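Worksheet: one structure, shown below.
Because the structure is predicted, anything quoted here is derived from the model rather than measured. Throughout, numbering of the chain's residues begins at 1 and tracks the sequence.
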Amino acid sequence: MEKDAPKATGEEEIEVRIGGMTCAMCAKAIESALKDVEGVHEVNVNLATDSSRLIFDPKKASIEKIKQTIEATGYKFEGLAEETLTEDSAIEYLIQLRRRLVVASAAGIILMILAFGDYAGIPVRDIPDMPLIMFIISTPVVYYSGKEIFLAAINSLKLRILNMDVMYSMGVGSAYLASVASTTGLLPMEYLFYETAVMLLAFLLLGRTLETIARGRTSEAIKKLMGLQAKNAIVVRNGEEVKVPIADVDVGDILIVRPGEKIPVDGVVVEGESYVDESMVTGEPVPVLKTAGSNVFGATVNENGVLKIKAFKVGKDTLLSQIIKLVKEAQATKPPIQRIADTIVSYFIPVVLSIAIASFIYWRFIAGQPYVFAFTALVAVIVIACPCAFGLATPTALTVGMGKGAEFGILIKKSEALEEVRRVNTIIFDKTGTLTKGKPEVTDVISFDEKNVLMYAASSEMRSEHPIASAIVRKAEEEGIDIPEPQKFETKAGMGVITTVNGDEVLTGNKILLTESGIMIEENVERTLASLENKGRTAILIAVNGKIAGVLGIADKLKETARDAVDQLKEMDKKVIMITGDNRRTAEAIARELGIDEVMAEILPQDKAKEVKKLQDIGEVVAFVGDGINDAPALAQADVGIAIGSGTDVAIESGEIVLVRDDLTDVVAAIQLSEKTLSKIKQNLFWALVYNSILIPAAAGLLYPLLGVLFRPEWAGAAMAMSSVSVVTNSLLLKRYIPPVKRRGN
């Protein structure tokens, strides 16, 4: 999968909301127009979310210029999509649609009675000046209910763009103008199509109304996440508790959170003890005990005690806001499968117009049917051929699928990853902090002379932030050892550290560090190392002044879900590999416990990405799962980088998929969700193709020689409306989906 190029320095990324889009060609027209704006470098218009994501140079382009371009194309610029979704414009648009629908439907029913009442025993034929009455009824309706469609069509033609508004206008307009010509005597009475023109409008508006409602539901996951945010917070200021809007909370503020209240921002507990329900952010149903020093997250619910917390992330920086941002950005991107739909849509309207004209020519000049027959076939083809279903097939399924992933704590940052992860056949897990808890403990202290091995090791490691270093320092503190400051500190990546402690040169690390430093490892030391490593311990050697003084055995417990995740990935025929800087014996002992068959051991951090590349070079599609800063290059190199959300910001930024929870079965769930979402997209595209393949020939008159039935334009309008609705409804079925691995866990 091709990685997105990073934004250039000085570029800005925004998301804008756009009103009035009705089909894939609308989105394509806006996208083309915005790409022509100087300074705009990347544009993704999403029909399902009525939005566009843009990357632009603010020195050359401006939001005002972007607004002018959108409105010149015939659509409505509804502002920037900020922290909250603006519902007012969407609701107003829906109200207007419903009003126009009611007017067109009521008038259409009256006109249908006037046109066909005699067949039902209603004596309408005796009404004088029937064509004039139908003209008086239909004209204001065509203007009121169809004005938006006609204006949009005119704007599109000015820009030399053929979209569905042009097609609809041709269908409705030709039926109406032919009727006017018949009323004024320019055409025979057979060309009275007033009821057809108005019923077409009614069905078009019905389809848009249902589609707008359904499309609104595709973003419910985002709306639910936004609804979780607290509105107010109780802040301690000048010794008093003050209730303030959430926007007024600053980093460093002390907040009081009572039982039953939402925690307003991300922070750390400074006083109090309580269980906190974090399910709305992590998906984990079991409340977590929080005490002084515990991290808490905005939108989680304090259950049974009063907590005093210090804010360290507010506004856009909170975990919930970042989740919302990631999901929205992902929904605005296009996966490779969208190219299929885009290609179809780009050729669709010219082909349909050709079929419509060909059907008219065939029925009138070859089959010898009356002009009115050929004209009816032409209008029916124009009306029924709507590429909306193709345009909505991918974005609606992606929007629902990504929202569903967010509910389970699986954040898909790019839609390409959702498509790519199902193709993965090799999954590499980093060991420390990913397969293991990342909080190792010193289990063995073995000394070969009188020197205080633990003191030397702790002093050497006290400046390091590595989990193993922290374990050594913690053990020394527990033993009550006084840890002196090292006089010199040099890190050897992936090997250990070289320091000077109390005037002695101390090497603390693995065998590679010592052998590269010219220190001989004697047979008794080798036996000790082998014993520890066969037990799955990480062995740390300590050498003082060129002589090995002792060995520390360190164990890092496996995560509870690690074995289950590995087993299920193997059941899915995925190759599972563990990569680590540990020596091979230790690594293989841990791999045996997990059921992992292949191990990459003694790999330096900078070489992890190279190992990923080697696998890619032989045709493997690789996912890398990691959590640390040194995993970032490998996460970026992999076809799909999966970052553990409890890891570092650098790792999370490098991954395409972020797992909010520390649960490795979410890797399995991400693959299952990917497969289900892609299945929905393919279903949508298939049925859109089947729909057009069957109904366009029917509208062109294929049924007439077979069954003696001519597909009328108003039937075409109804069928067209339902095609888009069926695609969106099929996508919405994803809302019920639960990955099998999650069902097993319930």
Side-chain angles (χ1 to χ4, degrees), residues 430-433 435-461 464 466-476 479 481 490-499 501 504-558 578-594 596 598-605 607-608 630:
D430 180 51
K431 180 179 78 71
T432 304
L435 290 170
T436 65
K437 292 185 176 180
K439 204 169 182 181
E441 298 175 356
V442 176
T443 56
D444 305 86
V445 180
I446 300 164
S447 179
F448 296 117
D449 62 22
E450 306 82 31
K451 295 185 184 296
N452 192 332
V453 170
L454 196 53
M455 181 272 291
Y456 278 110
S459 178
S460 297
E461 298 283 14
S464 172
H466 194 282
I468 288 178
S470 300
I472 294 171
V473 173
R474 193 165 55 248
K475 179 69 173 178
E479 297 288 333
I481 295 172
E490 181 185 356
T491 300
K492 296 288 186 179
M495 294 185 284
V497 294
I498 300 174
T499 60
V501 178
D504 296 321
E505 184 184 62
V506 180
L507 279 70
T508 306
N510 56 25
K511 284 171 64 177
I512 300 173
L513 176 66
L514 271 67
T515 53
E516 285 193 1
S517 301
I519 298 175
M520 180 77 68
I521 299 176
E522 298 173 356
E523 189 176 339
N524 65 323
V525 178
E526 286 282 11
R527 285 196 299 270
T528 301
L529 294 176
S531 174
L532 290 172
E533 290 162 1
N534 287 333
K535 295 176 185 176
R537 309 276 200 267
T538 296
I540 300 297
L541 291 157
I542 299 94
V544 180
N545 295 327
K547 183 179 179 184
I548 296 176
V551 181
L552 303 181
I554 297 175
D556 188 1
K557 290 183 180 178
L558 293 171
M578 185 179 78
I579 192 166
T580 179
D582 264 351
N583 66 81
R584 180 157 294 278
R585 267 198 300 254
T586 301
E588 288 180 347
I590 293 169
R592 281 194 300 273
E593 190 176 348
L594 287 170
I596 294 175
E598 190 169 338
V599 176
M600 295 179 178
E602 300 175 11
I603 305 296
L604 298 176
D607 293 334
K608 290 180 181 179
N630 58 20

Kindly compute the distance separating CG (Leu514) from CE (Met520), expressed to the nearest 0.5 Å. 12.0 Å
Test of understanding: with salt bridge (charged side-chain N to carboxylate O under 4.0 Å, His left out), list the residues that count as partners of Lys492, not counting sequence neighbours. Glu490
Taking C-beta and beyond as the side chain, do Ile446 and Leu532 meet within less than 4.5 Å on heavy atoms? yes
Quick one: CD1 on Ile519 to CG on Asn545, what's the gap to the nearest 0.5 Å? 9.5 Å
My understanding is that only residues two or more places apart in sequence, or in another chain, count here; which of them pass side-chain hydrogen bond (donor to acceptor under 3.5 Å, both in side chains) with Ser459? none
Looking at every heavy atom in both Ala469 and Glu461, which two are closest together, and how far apart are they? CB-OE1, 3.4 Å
What residues, two or more places apart in sequence or in another chain, satisfy side chain to side chain contact (heavy atoms under 4.5 Å, CB included) together with Ser531? Lys535
Can you list the steps and then say if Phe448 with Val551 is a side-chain contact (heavy atoms from CB on, under 4.5 Å)? CA-CA 8 Å; Phe448 296 117; Val551 181; 3.7 Å; yes
In this structure, OG of Ser447 is separated from CD1 of Ile548 (nearest 0.5 Å) by 12.0 Å
Atom of Val544, atom of Ala549 and distance for their closest heavy-atom approach: CG2-CB, 3.9 Å
Partner set under salt bridge (charged side-chain N to carboxylate O under 4.0 Å, His left out) for Glu479, not counting sequence neighbours: Lys475
Which residues pass the salt bridge (charged side-chain N to carboxylate O under 4.0 Å, His left out) test with Arg584, sequence neighbours left out? Glu588
Starting from the C-alpha separation in whole Å, work towards a yes-or-no answer on side-chain contact (heavy atoms from CB on, under 4.5 Å) for Leu541 and Leu529. CA-CA 9 Å; Leu541 291 157; Leu529 294 176; 3.9 Å; yes
About how many Å separate OG1 of Thr499 and CG of Leu507, when rounded to the nearest 0.5 Å? 7.5 Å
Which residue pairs pass the salt bridge (charged side-chain N to carboxylate O under 4.0 Å, His left out) test with at least one member in residues 505-522, sequence neighbours excluded? Lys511-Glu526
Worked check of side-chain contact (heavy atoms from CB on, under 4.5 Å) between Ile542 and Leu552: CA-CA 8 Å; Ile542 299 94; Leu552 303 181; 3.6 Å; yes
Given Thr436, which of Thr538, Asp556, Asp430 fulfils the side chain to side chain donor-acceptor pair (under 3.5 Å) condition? Asp556
In terms of heavy-atom contacts, Ala471 and Pro440 come closest through CB-O, 3.0 Å
Shortest non-hydrogen contact from Asn534 toward Ala589: O-CB, 4.0 Å
Within this structure, what is the CD1-CZ distance for the pair Ile590 and Arg537, rounded to the nearest 0.5 Å? 10.0 Å
Take Ile554 and Ile472 through the side-chain contact (heavy atoms from CB on, under 4.5 Å) test and state the conclusion after the steps. CA-CA 9 Å; Ile554 297 175; Ile472 294 171; 3.9 Å; yes
Measure the spacing between OG1 of Thr508 and CG of Leu513 and express it to the nearest 0.5 Å. 8.0 Å
